[in-house]
Amino acid sequence: MANYVLIDGYLDTVRSRARSRDISDILSELEDHLYSTVEALVGEGMDPGLAERQTLERFGDLDDMADSFASQSRGGPVVPTRYTKRSGTLAVAGGVVWIIYVGLWWAAGVSPPWGRVEWEAFNTASGVLYTAGAGSLLAATAMTFVAVMALNRRHGDLGRPGQIGLFFCGAAVIGAFAAWIFVGWGLLLMVGTVLTAVPILQRGIAPRLPTLAFGTALAAGGITSMVFRAIEGTFALGWVGLWGRDWIPGLTGITVAAVILSFGLIGLGTWLRSEVPVDADIAEQSLTA
């Protein structure tokens, strides 16, 4: 195997910064893939130096790779893969579905029987809209969960906060089956997205503004809902009840959360989709190990 100075320097730097961890197996796989990629490009007639640079560009910034190995108890290469690229498309779709979800619920709120959606009224306009809204909630939450998994993989592992965040987002998918329990799935998703966004921001790899939106959306929605309830109680606006309760404060909060979360998902998904994946089974295996 030829000696490539840039590749060797890249691996030496990663190894030195992660000296407190035993990553020999991962580095061995990484080395094999880097060399094989360079040699494939050289075999196609590319200059060796240019082949090295293009290979390393596909693997991402050296500091990101090294810091990931040095700071995490476990992890894989900090690189885009075919999985993260495909998941980016799903994240963008999830952002769109969140908007559809709140649109259906607002439509249900103003459809006969006007502000009330009852189990026995599924043959009414609001009942049909409620059913569609419940389905869109489940789909949007599931897509958000997939996006969280992709963000974990793209960063090589987000550590303990990322793992806990992934658990809460998965629990939110289960909670979404009971779509009428707004507080339940909302709290689960809020904790999950916050715990995911914090280490992403610390890494500084993903775009910051969509990451901030992703992490703060549910909290912003909850605050909005509480403010609207305080206003309703103070001024007795007489908003129409849903199951005997005011529906505008809660649904307004959900709308704010969904819009901000949609912005975050579309932004992060677009970023994931824009990256050139590392086409290697080795990288995929390292990320899922």
Heavy-atom closest pair, residues [X] and [Y]:
| X | Y | value |
| --- | --- | --- |
| Ala51 | Val42 | CB-CG2, 3.9 Å |
| Pro199 | Gly162 | CG-N, 4.5 Å |
| Ala139 | Val97 | CB-CG1, 4.3 Å |
| Ala258 | Val102 | CB-CG1, 3.5 Å |
| Gly215 | Ala197 | CA-CB, 3.6 Å |

Distance check, rounded to the nearest 0.5 Å: [X] atom [atom1] versus [Y] atom [atom2]?
| X | Y | atom1 | atom2 | result |
| --- | --- | --- | --- | --- |
| Thr211 | Arg203 | OG1 | CZ | 12.5 Å |
| Ile200 | Phe214 | CD1 | CZ | 6.5 Å |
| Leu151 | Leu265 | CG | CG | 8.5 Å |
| Thr193 | Phe168 | OG1 | CZ | 11.0 Å |
| Leu212 | Ile260 | CG | CD1 | 11.0 Å |
| Glu39 | Glu44 | CD | CD | 12.5 Å |

Heavy-atom side-chain proximity of Trp185 to Leu137 below 4.5 angstrom: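 With C-beta onward as the side chain, the pair touches.
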Tell me, do Cys169 and Leu189 make a side-chain contact under 4.5 Å, heavy atoms counted? yes
Checking [Y] against [X]: is there a side-chain donor and acceptor pair closer than 3.5 Å?
| X | Y | answer |
| --- | --- | --- |
| Arg154 | Thr84 | no |
| Trp106 | Thr255 | yes |
| Ser136 | Trp98 | no |

Linking I/L/V/M/F/W/Y whenever any side-chain heavy atoms sit under 4.5 Å apart, do [X] and [Y] land together?
| X | Y | answer |
| --- | --- | --- |
| Leu261 | Leu166 | yes |
| Leu138 | Met143 | yes |
| Phe145 | Leu218 | yes |
| Ile266 | Ile99 | no |
| Val146 | Leu268 | yes |

Would you say the side-chain atoms of Ser225 pair up with the backbone N or O of Gly221, donor to acceptor, closer than 3.5 Å? no
Closer than 3.5 angstrom, by distance alone: can the side chain of Ser262 be matched with the main-chain N or O of Gly95 as a donor-acceptor pair?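 Pair found, side chain donor or acceptor close to backbone of Gly95.
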State which residues pass side-chain hydrogen bond (donor to acceptor under 3.5 Å, both in side chains) with Thr270; sequence neighbours excluded, sorted by chain then number.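 Scan of Thr270 (side-chain hydrogen bond (donor to acceptor under 3.5 Å, both in side chains), adjacent residues dropped) gives none.
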Whether His155 and Trp271 hold their rings parallel, tilted or perpendicular, with breakpoints at 30° and 60°: tilted
Go through the steps to decide whether Gln163 and Leu158 satisfy the test side-chain contact (heavy atoms from CB on, under 4.5 Å), and finish with yes or no. CA-CA 7 Å; Gln163 295 168 28; Leu158 292 173; over 6 Å; no
